[in-house]
Amino acid sequence: MTELVNSLLYLDGVTVSFDGFRALNNLSMVVARGEMRAIIGPNGAGKTTMMDVITGKTRPDKGDVLFDGSHDLTKLDEAAIAELGIGRKFQRPTVFDSHTVLDNILLALKGPRGVFASLFARLTGDERDRIDTVLATIRLTDRRHELAGRLSHGQKQWLEIGMLLAQDPALLLVDEPAAGMTDAETAETAALLRRIAETHSVVVVEHDMTFVRDLGVRVTVLHEGSVLAEGSLDQVSADDRVIEVYLGR
Amino acid sequence: MARAMPLGLGRSGIAFLVIVAAAGVLVPFLNLATPVDSPWHVPTTTVVLFGKYLCFALLALSIDLVWGYCGILSLGHGAFFALGGYAMGMHLMREIGSRGVYGNPVLPDFMVFLNWKELPWYWYGFDQFWFAAIMALLVPGALAFVFGAFAFRSRVTGVYLSIITQAMTFALMLAFFRNDMGLGGNNGLTDFKDVLGFDLQQNATRCGLFALSAAALAAGFLVCRAIVSSKLGKVLVAVRDAESRTRFIGYRVEHFKLFVFTVSAMMAGLAGALYVPQVGIINPGEFAPANSIEAVIWVAVGGRGTLVGAALGARGRQRRQELVHRGASRALAVRARRAVHFRHAVPAEGAARPGRYPPRQAPGAAGGDAGPARNGR
Amino acid sequence: MKTHFQNRLAAAAIAAGTLLGAQAVSAQETIKVGILHSLSGTMAISETTLKDVMLMLIEQQNAKGGLLGKKLEAVVVDPASNWPLFAEKARELIAGEKVAAVFGCWTSVSRKSVLPVFEELNSLLFYPVQYEGEESQRNVFYTGAAPNQQAIPAVDYLRDVEGVTRWVLAGTDYVYPRTTNKILETYLKDSGVPAEDIMINYTPFGHSDWQTIVAEIKKFGSAGKKTAVVSTINGDANVPFYKELANQGIKAEDIPVVAFSVGEEELAGIDTGPLVGHLAAWNYFMSVEAPENAEFIKAWQAFTKNDKRVSNDPMEAHYIGFNMWVKAVEKAGTIDPDAVIDAIVGVAVPNLTGGYSAMMPNHHITKPVLIGEIQGNGQFDVVWKTSGLVVGDEWSDFLPDSKPLIADWRKPMSCGNFNTVTGKCGGKGT
Amino acid sequence: MATGPSLGTVLRRGLVAFALLMGLALPVAADTDSLSARITALATGDFATKEAIIVELAATGDAAAVPALRALGDGDLQIRKADRKVIIAVRDGNRLTAVDPVTGADLGAVESGALERIRVNNNLRRALRAAVGSLTLLSKDVTVRRLAAESVFKSLDPTALETLDQAIQVETDERVRRLMVQARAAAILQTDRPEAEKLEAVAIIADRGDQDARGVLSAVAASSEGEVKDKALASIALIEQSLAMWEAGQNIWYGISLGSVLLLAAIGLAITFGVMGVINMAHGEMVMIGAYVTFAVQEVIRTSAPWLFDASLLIALPLAFLTAGAVGVAIERGIIRWLYGRPLETLLATWGLSLVLQQAVRSIFGPSNREVGAPSWMSGAFELGGLTLTYGRAWIIVFAIMVFALLVVVLKRTAFGLQMRAVTQNRRMASSMGIRTTWVDAMTFGLGSGIAGIAGVALSQIDNVSPNLGQSYIIDSFMVVVFGGVGNLWGTLVGALTLGVVNKFLEPYAGAVLGKILVLVFIILFIQKRPRGMFALKGRAVES
């Protein structure tokens, strides 16, 4: 129970199946407050499904998902979970293509999310400052009025991270942030995530071992829907079972 | 057609408003104040015809609001239009009073000869104009609210939503065709005499209605503009382009959809309410699924997601009707060709609006990699 | 965007202008006759034929030298089975084209839609289809049958000749069947038929699955009393209805069906073999033996260049209506609507069944009523005929609220709904 | 049979009937002269006179009158205008031959213009049916005797009693004999015979237990009193009880029948929309094309090979499949392939296309309904217990199931089906494995359209063949596919049958219109509950 109290995110015995296929199989995991965690695993290990469960997109068949020790995420929908303070970045960058960079950040900015609040919302000076800060962080200040759809792939990834920052969540779920990036970009992204992790809890799903190494954090290996190993990258890469899973027999 | 997402009205928006306002003043003026043989005279036929188009334009506008800006393709908006029309028609029916052919002060003629003994409860209140006017907005709004609340909460999207909106308008059409509904069955409501004491056969009344329709269109345009240029409008576009993304940053998408769907239905209802006194009849044919599809085509032709274009697209109906006049087959061919032509236009459009249709990713289906369906609900 | 819109507006204005200018010239040389029948949409199936008949009649009249020394000119518009469009096109014909009279409409709703236009612009409409009655308008001439010219004689025939005592009133759910069945129900009850011997059933437009209803009819008909179906089923729904009757083995000898909306045109789409003996009531059948009819059919088949083309009752109604109008114009010496309305009452012209039909003061006409049985070749055999002509009764005596009303458009009454109880003309307000 | 029929009663009843109809009683004679005199008399006089003559002819018991009576009923008894002689016109192809109605002698070829048909009305037809029935009760052919017994049963004619008694004596076929006994019982109930005999007759009729029996007994109950009436009423109650049970079965049958029609209409759409995801608003027009192909085939057969008529539908099936399939492939190649992944544009484009196709058909075949006849094996009905099942509907059910089974086999067991599923599930993967995806797309769409075409062949049997045919099925088709679950053929099957049965169970209570509305509302609500239909596919593949 101490785990539960100290943890920000607590998964216990989570099972999800689709038409007989078990995407998650009795998965248990704890992410502590302020921790950055990397999750690796081969295709079909259940990484994305796990994200879906945490963010309310998929309901587990079994198991508990608790946030901040008291909120049962299995009872809430996406919007409510987002308001609790869980932000998610997708594997494929999804930004609002027909909005400007600025509007993308504006939409993500922490604040009231109701229909009428949005209808009558006016941009305050404080909000403008926060947007500027975020834009500076993700180095898109000079492209703020451009349509997000025109950004390069890497810039979209960064914009999406920027939206996460604007949302100011307690926990960030980041799905393959380095996919499709150049080496330089990858390194910068890793640096950015490390900076973010100073003030937030972060869960990163990643394939790229270099990137995970750059992050230098605790690693969880998923396989066939459950945790195979946990520890530092060096520890897990020495694990025979992990080697077997990754390299095959 | 430039992608119009300015915070202000934009050049085309202002131009549109100026033209609508000018038409709303000039057409009635030229009809009433100039002699019939003057070259400046606008014949009554034209006033009635254009008045009709103004109503269609308002309907198109309401569809564009939900489709163009929120990605909800409603193939049942004709139902809201017709419901608004019926609300107004019921008032006009009550206005006839004892001037009906049987002289019954309460019951409309069709009820008299089908031996209805008393007025059904849902006809109460419609003798008051204000009540009918409220109902013309409220009934479509309420239907949209209830229908939308169910559909959006269950996350019925895309094609499924389009098809159940078709089913909705089809079911309503069948229901209104029934004489037992007490709304005139197939014949609908006709024989209107006057509205608020103005004789509907007077040109002055027609011109008044025309001006009113122009005003309603302008007001509808401003309302839509206000909505789409607010932060809410940005959320709507966000929903259209990447629905689950919007959810994950904390917006309760179903509420936004519901809001805009209801507003749109009320606009369609208003359009219907203005349409009925001008054409003098409302019948269940207005619920026909084909009508709703046609209205969507106006929007598609005029330019989805550009309010001005949608309103102008509705005028396409004029051309179609002129063609029908010359030969139905040609008209249908043209209409169909236009629908086909439209598909050619789309790729070009898409190219001009980068990212509008990202490759391999249909709008609305975004949300990162193909995640599993949310089950359990 | 702006210029686009303005151009359109300007173009429309110019188009309207030229239209007006053009007809100012031509109006002096010809008399225009408007034809307002749907040539597209769902009603095209029935109405297209009527447009062709009108074109033929106008051509014939021109061959005879026209009217008042001028040629007649047909103006055809297509209201596309769209009811508001009927009103719009009517306005275009009257105000725009300045036609002298309009021949058109099929459905009641289309007639209802154009009525205010004819009233406002004071023009003439000749309406050629059997309808529910309960209407008499100064500007409209009803050349089709009122319920008493079709439904009531048909019921009389079944009762008196076939000995029917149990009745199924089956119809499509719209105003014509509803009214007709209300009238028939009262008529039957007045003549002593108990309520349990009348079954009323309504189906939607285009109903195609008749299994349940035909089975119900069969069940209703097996109560030991001679049973008949009075069908006001509309258009397209008839084919599957008759097919189901034939399949379930309901023969005319067992349960005859008398229809008011099934004529030669409708039968053209059905294999009539199994339907022999089912009935229809009309004021005209193509098989009627009369010299006028033979001549008409010959001309019609020549006009359409098709020796298989059939003729039907609404075509005869247009034939009568058109000739009445011609005669009334000749009598009045002008096409002025008021003069023609005054002149036309009392005008009698030959109908196609070997007699004369006359325009009555209620703007309905006198007609013989014929009962025909369906034959294997898609035609009807006339098995019964009223001995004289029947006057169309606009206000049915079998509906309580309509009973005291009469219509007489002659001066000084000039009223379409004169209430004989209160002694007031009800329709004009107070 | 306790007592034999009293001859006196029969004669008296018969004579009364004659007297009523004719005003005089004619002597009964059976020689050829008076036979042909009577037949000649049919040419003149009004319907009532003709009816009296027919009754007379029946009373003679002379089977020689049967051909003339049958011809009269069929409209083949005609008058040769030249000499006013009554003849039977026999049509053989386009040739018309005159035959003497009594002797059957060939009187040579005639022109149809030289003949005048003797008109009949329903009363005459009824009299003819009774007359032919009683005259053929002693026929050598067992089928003729059976039909005769049925006719006599329906005619309730007491004058046939004598013949019936004779016929019952010599009848060998048990079924026919039973029918004759029933006919006799029905006739006895029209007489004033002793109560005991009538009670027995009521029992015989009650034993029959169908709607006709109920009809006869209701009439008896209304016209008699005492024990007979009580017994009749009791029997009616029993019959109605058993009929009510059968009625539930009848509703299920109707539901399955409607469901099979929906299935046929929707099954092509289950491919184009369900499997390929193309919102094909022109689907109904494919059905219409199939129906018009049937019409065209029948037209050709009528004019050039009438003996093939019964096979016309079988000939039309492959042609309809190919025609509609070809149109489908053309549509896919011409329009739809540009629009994959853009469902809304597809919807609008195919909707426009549906209008074009309707208008095209309207220009080619005309706007009015076209006549498609039913082959003899699809006409009529058969009894199954208390159910009346029509052959047409039964064949359509069988046909729908066959089409469904065939489609399942094609999809699951053939190489093409495998490729098709591969392409719809993962286009790029399939393409890189060497499957010609564009070809598979075109063929799949062609298959869906072709199936719609053969549905049109079946629907031409029960609905109008008009340009609007497709329109009336399109919404229903979409409802079925969506309700059943997109991409699942079995869902379409279950969906169609469910909707059919639900509709037919609602109809007797709510009426046809309200029933349909309720079904639509039900579907709308159902979609809310299960946004992807009854048998939705789950998993990651769905959303990609």
Side-chain angles (χ1 to χ4, degrees), chain A residues 16-18 23 48-49 51-52 55-61 74 77-84 86-100 103-104 106-108 110 113-123 147-151 160 163-164 166-167 169 173 175-176, chain B residues 3-5 7 69 71 153 155 223 226-260 262-263 305 350 353-358 360-361 363 365-377:
Chain A
V16 174
S17 47
F18 303 118
T48 304
T49 307
M51 296 274 216
D52 285 344
T55 52
K57 192 177 178 202
T58 301
R59 295 257 177 256
D61 302 333
T74 59
D77 70 355
E78 295 99 316
I81 291 170
E83 290 218 52
L84 276 180
I86 297 182
R88 178 174 181 183
K89 189 209 144 316
F90 291 94
Q91 187 175 350
R92 194 187 301 143
T94 36
V95 293
F96 303 122
D97 285 336
S98 39
H99 279 310
T100 58
D103 283 344
N104 268 284
L106 175 69
L107 281 173
K110 193 171 189 171
R113 294 287 200 246
V115 172
F116 292 98
S118 312
L119 184 59
F120 300 111
R122 286 285 169 273
L123 196 60
L147 288 184
R150 299 213 171 161
L151 297 180
E160 208 179 355
M163 288 164 73
L164 275 185
Q167 227 179 311
L173 304 176
D175 201 350
E176 299 198 21
Chain B
R3 182 104 197 97
M5 277 301 300
L7 281 165
Y69 289 87
R153 204 197 51 191
R155 307 207 176 158
V223 167
I227 289 175
V228 302
S229 51
S230 71
K231 187 179 170 197
L232 184 133
K234 294 186 206 297
V235 177
L236 294 181
V237 174
V239 169
R240 179 192 74 189
D241 288 354
E243 180 168 334
S244 27
R245 189 78 192 87
T246 319
R247 251 184 244 286
F248 286 125
I249 55 175
Y251 292 98
R252 199 150 264 132
V253 167
E254 53 272 26
H255 292 182
F256 284 81
K257 284 184 169 178
L258 189 56
F259 170 78
V260 74
T262 308
V263 168
R353 298 181 206 166
R356 171 72 185 288
Y357 292 110
R360 299 202 305 123
Q361 187 181 321
D369 79 30
R374 178 200 181 92
N375 53 358
R377 259 220 181 175

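The structure presented is a predicted model; accordingly, all values stated were derived computationally and were not measured. Order of the sequence lines fixes the chain letters, A, B, ..., with proteins taken first and strands second; residue numbering starts at 1 for each chain.
- Side-chain atoms of Ile249(B) and Phe96(A), non-hydrogen and from C-beta on, do get closer than 4.5 Å to each other.
- Remark: the backbone N or O of Val237(B) is not paired with any side-chain donor or acceptor of His99(A) at under 3.5 angstrom.
- The side-chain contact (heavy atoms from CB on, under 4.5 Å) with Val253(B) is formed by just one residue from the set Arg155(B), Arg247(B), Arg245(B); it is Arg247(B).
- Interface remark: Phe259(B) contributes side-chain atoms only to the contact with chain A (heavy atom separation under 4.5 Å).
- Heavy-atom distances place both the backbone and the side chain of Leu106(A) under 4.5 Å from chain B.
- Under the salt bridge (charged side-chain N to carboxylate O under 4.0 Å, His left out) criterion, Glu176(A) pairs with no residue at all, not counting sequence neighbours.
- Neither the backbone nor the side chain of Ala148(A) comes within contact range of chain B, judged by heavy atoms closer than 4.5 Å.
- Contact tally against chain B (heavy-atom pairs below 4.5 Å) for Arg122(A), Glu160(A), Lys110(A): the top residue is Glu160(A).
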